[in-house]
Structure formats: C-alpha cells, structure tokens
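Remarks on the structure that follows.
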Amino acid sequence: MRIKVLISILAVLIGFIVIYNFYDNNRIVVREARVGIQDLPDSFEGFTILQISDLHQKEFGKDQKRLVEKINSLDYDLIAITGDMVNRVANVEPFYKMLEGIKNKKHVLFIEGNSDPMDYEFGDQIGFRKSDFIKGIEERGVFFLEFPYEIKRGNDS
C-alpha cells in the first residue's frame with residue numbers, strides 16, 4: 001500500500017514537472033532592469049534596449065505571431081539580439097520570421113552565440129565571406145555587430 005502511494009505521489013510530481021517545463025518553455029518573459037552609466041549624455045537618458053536571446057529555433061505561433069506581437073507592443077530604442085537564435089543544424093526560418101515581423105528596425109543589432117551558425121565561411125571555391133545566415137539577417141534590416149555601431153541623439157553619440 002505504501003509503495004502505491006509513493007508511486008502515485010511520484011507520478012503526480014513528474015507530471016507537474018513536465019507540465020511546468022512545457023509551460024515555461026512556451027511563455028514569453030519580459031524583464032526590466034535599469035542600468036546606470038556614468039557620464040551618459042543627457043540626450044540618452046531613458047534610452048531603452050530590448051534584448052532578445054537564446055530562442056534556439058523556438059516557435060511562438062505561426063510565423064512567430066505571439067513573439068512578434070509582444071516585441072511590437074514594447075517601446076524601445078534599440079534591439080540587441082545576443083545570440084543562440086538557432087542551433088548549429090539550423091532551421092533559420094523562425095528567427096527570420098521574427099525579424100521580418102518587427103516594425104521598429106531603426107537600431108537592431110545581432111551578435112552570434114555559440115549555437116548559431118558561423119558568421120563567416122571560407123574555402124578554396126568561395127574565399128572568405130559572410131555566411132548565408134548573416135547575409136539573411138542583414139537582408140532583414142539587422143546590423144551584424146562586428147564593428148563599432150554609433151547611435152546619435154541630437155549632438156551626442
């Protein structure tokens with residue numbers, strides 16, 4: 001009898017963990033953090049950065065509808081996409097769909113993560129060039145952050 005009760009409790013616990021993990025992996029979380037920067041020009045006071053990271057090919061509805069709606073509902077000055085959007089064996093479509101759906105693309109920056117495809121490819125036939133993955137990001141209005149990127153506000157940058 002005790003073993004049946006323990007097995008039942010264990011089964012409920014495992015079920016809860018599985019359901020919670022499914023829920024947790026399918027929700028979109030927005031967290032706010034204030035960062036103080038010494039000697040920041042006044043014109044940049046309140047400058048808002050939206051960071052997107054570690055999607056790992058995750059899909060949030062058809063054509064990333066839920067994610068795109070959330071991004072477009074937020075007020076930001078810059079999007080920093082900080083890697084791990086896809087996996088090495090890449091299905092880039094969910095990431096590209098997200099990029100295509102973003103309305104405010106004035107400043108969207110990308111830096112690759114360790115699970116993203118390589119940013120450059122090279123070989124005897126092709127030489128040294130940006131990968132198709134990076135070209136696809138740039139074609140969708142995103143700046144691949146490999147060099148400094150200047151943002152101007154009034155006379156400040």
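Because only heavy atoms are used, hydrogens play no part in the values below, and waters and symmetry mates are left out as well, while side chains stay in. We count residues from 1, following the sequence as given.
With sequence neighbours excluded, the residues satisfying salt bridge (charged side-chain N to carboxylate O under 4.0 Å, His left out) with Glu69 are Lys65. Scored by the side chain to side chain contact (heavy atoms under 4.5 Å, CB included) test, Phe122 finds Phe128 as partners (sequence neighbours excluded). Annotation: side chain to side chain contact (heavy atoms under 4.5 Å, CB included) contacts of His56 (sequence neighbours excluded): Asp54, Asp84, Asn87, Ser115. Take Asp132 and apply the side-chain hydrogen bond (donor to acceptor under 3.5 Å, both in side chains) test, not counting sequence neighbours, and it matches no residue. Contacts of Ile151 classified as side chain to side chain contact (heavy atoms under 4.5 Å, CB included), with partners at least two apart in sequence or in another chain: Phe44, Phe47, Leu78, His107, Tyr149. Under the side chain to side chain contact (heavy atoms under 4.5 Å, CB included) criterion, Thr48 pairs with Tyr76, Asp77, sequence neighbours left out. For the side-chain hydrogen bond (donor to acceptor under 3.5 Å, both in side chains) test, residues two or more places apart in sequence or in another chain that qualify with Thr82 are Gln51, Ser53.
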Donor-acceptor pairs are to be reported for all side-chain atoms of residues 28-37 against protein atoms at under 3.5 Å, with residues two or more places apart or in another chain.
none

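Among residue pairs with one or both ends in residues 101-119, none qualify as salt bridge (charged side-chain N to carboxylate O under 4.0 Å, His left out); sequence neighbours excluded. Counting only residues at least two apart or on different chains, the salt bridge (charged side-chain N to carboxylate O under 4.0 Å, His left out) pairs with a member in residues 136-147 are Glu100-Arg140, Lys130-Glu138, Lys130-Glu146.
Distance check: Phe95 CZ to Leu67 CG gives 10.5 Å after rounding to the nearest 0.5 Å.
Although no hydrogens or angles enter the test, the distance criterion places no donor-acceptor pair under 3.5 Å between the side chain of Ser131 and the main chain of Tyr120. For Arg66 (side chain) and Gly61 (main-chain N/O), no donor-acceptor pair under 3.5 Å exists by modelled atom type. The main-chain N or O of Gln57 is never found under 3.5 Å from a side-chain atom of Asn91 such that the two would form a donor-acceptor pair.
Counting only heavy atoms from C-beta outward, the side chains of Lys135 and Arg129 approach each other to under 4.5 Å. Contact annotation: the side chain of Val142 never approaches that of Leu109 to less than 4.5 Å [non-hydrogen atoms, C-beta and beyond]. Contact of the Leu99 side chain with the Ile137 side chain is registered, since non-hydrogen atoms from C-beta on lie closer than 4.5 Å. Contact check for Ile52 versus Ile71: side-chain heavy atoms found under the 4.5 Å cut-off. In this structure, the side chains of Val86 and Pro117 come closer than 4.5 Å at one or more pairs of heavy atoms. By the 4.5 Å heavy-atom criterion applied to side chains, Phe133 and Phe144 are not counted as neighbours.
What you find for Phe143 and Phe147 is that their closest heavy atoms are CE2-O, 4.0 Å. The heavy-atom pair separating Glu59 from Pro94 by the smallest distance is CG-CG, 3.5 Å. Pairing each heavy atom of Val68 with each of Lys97, the nearest pair is CG2-O, 4.2 Å. Summarising the geometry of Ser43 relative to Asp156, their closest heavy-atom pair is OG-OD2, 2.7 Å, with the distance given to 0.1 Å.
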Exercise for the section: Could you give me the CA-CA distance, side-chain angles and deciding distance for Asn104 and Asn72, then say whether side-chain contact (heavy atoms from CB on, under 4.5 Å) is met? Expected result: CA-CA 7 Å; Asn104 177 3; Asn72 288 334; 5.9 Å; no

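Residues Leu74 and Phe60 share a hydrophobic cluster, clusters being chains of Ile/Leu/Val/Met/Phe/Trp/Tyr side chains in contact below 4.5 Å. Residues Ile79 and Leu145 fall into different hydrophobic clusters, defined by Ile, Leu, Val, Met, Phe, Trp and Tyr side chains chained together at heavy-atom separations under 4.5 Å.
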